Peer 1: 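Just dropping this structure here.
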Amino acid sequence: MNLRHVAPFLLVAAMALTGCDTIDSRIHQKSAVFASLPAADQDRLRKGTVAIGDSPDMVFIAIGAPSRRIEKQSAQGNRTVWIYRRYYETYDGDAFAGYRRQVFIDRHTGRRFVSLEPCYAEVYHDEAQETLRIVFDNGQVSAIEELKR
């Protein structure tokens, strides 16, 4: 078998194993829902735009699975909130990590000298910031709350 014929297969296999979440993979997952939508809605979802009245499947196609879900049941009906977060690291500066030992040899006497030099390491911590909330009342988007900077 020629490497030229194997390379595309390996690429597809690697993508399947990593579980990449793209608009095309989400459309494929919800192909029946996507095919039943009017062309204008299909185009809007491909652009990642959510609108009032969309179903959970439509929101999933447009922007993917939420980071968190909240379910509420009341006399008025069922309410579900999808929360989307952005994950990133922030730099906290340098912190003392210990000492680095260096040995020097005097060329004239052959004596060895040990020098201890302080070492520092960069410190980061993980952050999560809520960026979007999609509220579903009885299975349809009723509110879109977006964090603006």
Side-chain angles (χ1 to χ4, degrees), residues 1-104 114-149:
M1 185 175 271
N2 190 339
L3 182 60
R4 188 176 72 218
H5 299 295
V6 175
F9 173 74
L10 293 175
L11 178 63
V12 170
M15 288 174 55
L17 290 175
T18 58
C20 58
D21 183 29
T22 64
I23 184 71
D24 291 328
S25 69
R26 294 190 303 265
I27 288 171
H28 180 71
Q29 282 181 304
K30 304 287 183 179
S31 58
V33 172
F34 190 76
S36 70
L37 297 172
D41 284 340
Q42 288 181 356
D43 187 48
R44 177 176 58 80
L45 295 180
R46 279 194 180 279
K47 293 177 182 173
T49 304
V50 177
I52 302 296
D54 283 354
S55 70
D57 286 339
M58 293 169 71
V59 173
F60 173 79
I61 290 169
I63 57 178
S67 305
R68 186 171 178 210
R69 294 178 189 188
I70 300 172
E71 305 265 341
K72 180 180 178 183
Q73 297 172 352
S74 68
Q76 291 77 26
N78 296 329
R79 172 171 276 187
T80 304
V81 180
W82 286 12
I83 300 170
Y84 292 85
R85 292 183 176 148
R86 178 176 69 97
Y87 296 94
Y88 58 97
E89 290 183 334
T90 58
Y91 175 68
D92 286 340
D94 291 339
F96 176 72
Y99 291 98
R100 177 182 307 136
R101 185 178 79 134
Q102 293 185 335
V103 178
F104 298 99
V114 176
S115 170
L116 295 178
E117 177 183 338
C119 295
Y120 295 89
E122 295 178 341
V123 178
Y124 294 88
H125 73 272
D126 296 329
E127 292 279 339
Q129 180 181 32
E130 190 174 306
T131 58
L132 181 67
R133 280 182 176 233
I134 307 290
V135 179
F136 297 93
D137 282 318
N138 298 317
Q140 290 188 318
V141 173
S142 61
I144 302 168
E145 303 170 7
E146 190 174 359
L147 175 69
K148 297 289 184 179
R149 291 184 181 245

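Values in this document were obtained by computation on a predicted structure and should not be read as measured data.
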Peer 1: For F60 and Q29, run side-chain contact (heavy atoms from CB on, under 4.5 Å): C-alpha distance rounded to whole Å, both residues' side-chain angles, the deciding distance at 0.1 Å, then the answer.
Peer 2: CA-CA 10 Å; F60 173 79; Q29 282 181 304; 3.1 Å; yes
Peer 1: Does the salt bridge (charged side-chain N to carboxylate O under 4.0 Å, His left out) test come out yes or no for D24 and R46, once each step is laid out?
Peer 2: CA-CA 8 Å; D24 291 328; R46 279 194 180 279; 3.3 Å; yes
Peer 1: Measure across Q42 and F34 and return the closest heavy-atom pair with its distance rounded to 0.1 Å.
Peer 2: NE2-O, 2.6 Å
Peer 1: I need the full list of salt bridge (charged side-chain N to carboxylate O under 4.0 Å, His left out) pairs touching residues 115-138, with sequence neighbours left out, sorted by first then second residue.
Peer 2: R79-D137, R100-E117, E130-R133
Peer 1: Starting at CD1 of I134, measure out to OG1 of T80 and round the result to the nearest 0.5 Å.
Peer 2: 12.5 Å
Peer 1: Evaluate the side-chain proximity of D92 to Y124: yes if any heavy-atom separation is below 4.5 Å, no if none is.
Peer 2: no
Peer 1: Using a 4.5 Å cut-off on heavy atoms from C-beta on, say whether the side chain of D54 contacts that of R44.
Peer 2: yes
Peer 1: State the CG-SG distance between D94 and C119, to the nearest 0.5 angstrom.
Peer 2: 11.5 Å
Peer 1: Would the number of heavy atoms belonging to other residues, nucleotides or ligands and lying under 6.0 Å from CZ of R68 be above 12?
Peer 2: no
Peer 1: Which atom pair, heavy atoms only, marks the closest approach of G139 to P56?
Peer 2: O-CD, 3.3 Å
Peer 1: Go through it in stages, so that I can follow the logic: the residues are Y87 and Q129, the test is side-chain contact (heavy atoms from CB on, under 4.5 Å), and I'd like the CA-CA distance, side-chain angles, deciding distance and then a yes or no.
Peer 2: CA-CA 7 Å; Y87 296 94; Q129 180 181 32; over 6 Å; no
Peer 1: Is any side-chain heavy atom of R26 closer than 4.5 Å to a side-chain heavy atom of D21?
Peer 2: yes
Peer 1: Checking side chain to side chain contact (heavy atoms under 4.5 Å, CB included) between L132 and each of I144, V50, I83, which is the one that passes?
Peer 2: I144
Peer 1: Using a strict threshold of under 4.0 Å (side-chain N to carboxylate O), is an ion pair present between R69 and E71?
Peer 2: no
Peer 1: Could you give me the CA-CA distance, side-chain angles and deciding distance for R101 and V114, then say whether side-chain contact (heavy atoms from CB on, under 4.5 Å) is met?
Peer 2: CA-CA 7 Å; R101 185 178 79 134; V114 176; 3.5 Å; yes
Peer 1: N78 side chain to Q73 main-chain N or O, any donor-acceptor pair under 3.5 Å?
Peer 2: no
Peer 1: Looking only at heavy atoms, what is the nearest atom pair of I23 and L45, with distance?
Peer 2: CD1-O, 3.7 Å
Peer 1: Decide whether a cation-pi geometry holds between R86 and Y84; the criteria are a distance under 6.0 Å from NZ or CZ to the six-membered ring centre and an angle within 45° of the ring axis.
Peer 2: no
Peer 1: Measuring from L116:CG to Y99:OH, what's the distance to the nearest 0.5 Å?
Peer 2: 7.5 Å
Peer 1: When you measure from the side chain of S67 to the backbone N and O of R85, does any donor-acceptor pair fall under 3.5 Å?
Peer 2: yes
Peer 1: Heavy-atom distance under 4.5 Å between the side chains of F136 and S142, does that happen here?
Peer 2: no
Peer 1: Enter the distance from H28:NE2 to S25:OG here, rounded to the nearest 0.5 Å.
Peer 2: 9.0 Å
